[in-house]
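In what follows, a structure is listed as structure tokens, so that the remarks can point back to it.
On a predicted model such as this, the values are computed, not experimentally measured, just so you know. Every heavy atom of this structure was used, including side-chain atoms; hydrogens, water molecules and symmetry mates were not.
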Amino acid sequence: MHNGNDGGSLEEATREFTKASPRLFGIAYRVLGSAVEAEDVVQEAWLRWQNTDRRTIREPAAFLATVTTRLAINLSQSARMRRESYIGPWLPDPLDTAADPQVGAERAEALDLAVLFLLEKLNAVERAAYVLREAFEYSYKEIAAILETSEGNTRQLVSRARKHLSSERREPVSSDAHRRLLEVFLAAAQNGDLRGLEEVLTTDVVSYADGGGVRGASRIPVFGKEHVSKYLVAFAPRFWHETEVHWVEVNGRPAVLISADGKPMALLCVDASDRGIERIMWVLNPDKLNRYVTSPIG
């Protein structure tokens with residue numbers, strides 16, 4: 001197959017791309033919040049790489065990161081429109097980070113499900129700047145080149161993203177404390193224990209259920225300790241009947257996979273601070289669940 005250029009063998013090009021691809025997936029996934037869309041972006045980057053005159057490229061990894069970031073930004077425009085017509089709350093695709101601990105990053109920044117969810121409120125360029133800086137430690141100069149903007153503007157983009165996240169989210173607890181809170185919450189939810197739930201939920205807790213219109217999930221978020229507790233108690237007898245729970249890892253945090261008859265029914269993820277559980281995220285959409293269960297990277 002002719003690859004559209006004479007700059008080195010396809011074998012060499014494949015080797016370079018394979019080395020870079022975990023990072024490329026990591027960038028695209030964080031910019032898009034979707035594993036499926038990130039895979040599409042990486043595939044498109046591979047096609048572009050094959051058809052590039054590679055003799056002119058001194059740093060393949062930098063070139064590929066640039067192509068991937070720009071493709072992800074472009075795709076995010078149409079992804080946003082699709083999400084606006086999504087039935088009920090949309091949550092990012094959960095990834096099994098126990099299967100792939102790095103997801104292409106030197107640091108676990110911008111990986112938490114709650115962070116990806118909050119990043120949805122930023123525009124794609126702000127989000128990309130934040131991801132490149134916080135998760136992959138690119139310099140402001142490198143990010144400016146990738147985004148085709150000035151270094152000063154890049155600093156502002158990252159600063160705006162940081163401010164947005166810090167105003168929306170309290171400092172998360174350690175993984176151990178996270179698991180302990182989730183254990184208490186899980187027991188109280190299963191038993192329909194109103195007081196137990198109220199003890200671990202923050203006053204302004206929000207519960208989001210991403211069912212994609214397929215399951216009988218709440219199509220609007222439930223706000224506040226009292227409403228969330230009563231809501232969980234009301235559906236406890238029906239929801240937890242004959243289910244099995246398995247502790248798993250989702251986006252670097254302990255989470256719970258709930259199954260019935262060996263089939264995944266829900267992923268229960270929380271965002272917790274030292275005040276208690278701030279957000280409850282139920283992933284009920286069968287497409288997202290099945291991908292999480294079957295895919296080597298989520």
Side-chain angles (χ1 to χ4, degrees), residues 32-37 79-96 112-121 181-182 185-194 196-198 200-202 204-251 253-272 277-295 298:
L32 291 158
S34 162
V36 178
E37 287 164 4
R80 182 155 295 204
M81 284 167 69
R82 280 197 303 281
R83 283 166 205 174
E84 279 167 9
S85 61
Y86 193 84
I87 298 167
W90 180 91
L91 292 172
D93 286 359
L95 283 189
D96 180 1
D112 222 309
L113 216 58
V115 171
L116 293 176
F117 178 63
L118 293 173
L119 288 177
E120 281 294 302
K121 291 186 183 164
L181 276 168
L182 187 47
F185 172 82
L186 179 64
Q190 285 173 309
N191 297 322
D193 172 7
L194 189 66
L197 286 166
E198 288 177 341
V200 288
L201 300 179
T202 58
D204 48 1
V205 64
V206 189
S207 176
Y208 301 92
D210 177 340
V214 183
R215 303 269 172 115
S218 172
R219 293 190 178 185
I220 53 166
V222 184
F223 293 91
K225 182 192 286 195
E226 195 182 332
H227 288 128
V228 171
S229 301
K230 285 180 176 167
Y231 169 72
L232 292 169
V233 168
F235 78 64
R238 203 170 61 244
F239 183 78
W240 297 102
H241 185 60
E242 291 185 358
T243 56
E244 303 138 34
V245 299
H246 306 277
W247 283 90
V248 291
E249 190 179 291
V250 171
N251 293 51
R253 289 275 176 182
V256 174
L257 179 64
I258 302 149
S259 305
D261 298 326
K263 287 185 189 149
M265 201 169 86
L267 260 178
L268 165 60
C269 311
V270 299
D271 187 28
I277 291 171
E278 306 271 357
R279 284 177 190 82
I280 307 163
M281 294 165 285
W282 303 89
V283 180
L284 301 154
N285 182 327
D287 290 342
K288 293 185 182 186
L289 283 176
N290 292 335
R291 277 199 303 273
Y292 174 85
V293 171
T294 58
S295 165

Can you tell if the side chain of [X] reaches within under 4.5 Å of the side chain of [Y], non-hydrogen atoms only?
X      : Y      : value
Gln190 : Val245 : yes
Leu182 : Leu268 : yes
Asn285 : Leu91  : no
Leu232 : Phe239 : no
Glu278 : Asp204 : yes
Trp240 : Asn191 : no
Val228 : Ile280 : yes
Leu267 : Val250 : yes

Within the side chain of [X], is there an N or O that forms a donor-acceptor pair under 3.5 Å with the backbone of [Y]?
X      : Y      : value
Asn251 : Leu95  : yes
Asp93  : Ala35  : yes
Lys225 : Glu198 : yes

Can you sort out the partners of [X] under side chain to side chain donor-acceptor pair (under 3.5 Å), two or more places apart, ordered by chain and number?
X      : result
Asp271 : Arg169, Arg279
Tyr231 : none
Glu244 : none
Arg82  : Glu37

For the [atom1] atom of [X] and the [atom2] atom of [Y], what is their distance to the nearest 0.5 Å?
X      : Y      : atom1 : atom2 : result
Ser207 : His227 : OG    : NE2   : 13.0 Å
Ser218 : Asp210 : OG    : CG    : 11.5 Å
Thr202 : Ile277 : OG1   : CD1   : 8.5 Å

Val233: partners by side chain to side chain contact (heavy atoms under 4.5 Å, CB included), with sequence neighbours left out: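 Here the qualifying residues are Leu194, Leu197.
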
Stepwise side chain to side chain contact (heavy atoms under 4.5 Å, CB included) test for Met281 and Val270: CA-CA 6 Å; Met281 294 165 285; Val270 299; 5.7 Å; no

Pairs meeting criterion salt bridge (charged side-chain N to carboxylate O under 4.0 Å, His left out) with involvement of residues 229-243, two or more places apart: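 Qualifying pairs, neighbours excluded: Glu226-Lys230.
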
Looking at every heavy atom in both [X] and [Y], which two are closest together, and how far apart are they?
X      : Y      : answer
Ser229 : Leu201 : OG-CD1, 3.5 Å
Ala217 : Leu284 : CB-CD1, 3.3 Å
Ser34  : Arg83  : CB-NH2, 3.8 Å
Gly196 : Ala188 : C-CB, 3.8 Å

Tyr208: ring pair (Phe, Tyr, Trp, His ring centres under 6.0 Å) partners, not counting sequence neighbours: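 Checked Tyr208 against ring pair (Phe, Tyr, Trp, His ring centres under 6.0 Å); matches are Phe117.
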
Ring pair (Phe, Tyr, Trp, His ring centres under 6.0 Å) partners for Phe223, two or more places apart: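 Per chain and number, Phe223 pairs via ring pair (Phe, Tyr, Trp, His ring centres under 6.0 Å) with no residue.
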
Plane angle bin for Phe235 and Trp282 - parallel if under 30°, tilted between 30 and 60°, otherwise perpendicular: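 Rings of Trp282 and Phe235: perpendicular, over 60°.
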
From CA spacing to verdict: side chain to side chain contact (heavy atoms under 4.5 Å, CB included), Trp90, Glu84: CA-CA 9 Å; Trp90 180 91; Glu84 279 167 9; over 6 Å; no

For residues 253-266, run the donor-acceptor check on the side chains, cut-off 3.5 Å, and write out each pair with its distance to 0.1 Å, sequence neighbours left out.
from, atom 1, to, atom 2, distance (Å)
Arg253, NE, Asp112, OD2, 3.4
Arg253, NH1, Val173, O, 2.7
Arg253, NH2, Val173, O, 3.0

His241 atom NE2, neighbour heavy-atom count above 12 within 6.0 Å: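 Atom NE2 in His241 is not packed in, count stays at 12 or less.
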
Contacts of type salt bridge (Lys or Arg N to Asp or Glu O under 4.0 Å), residue Asp287, not counting sequence neighbours: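 Residues passing salt bridge (Lys or Arg N to Asp or Glu O under 4.0 Å) with Asp287: none at all.
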
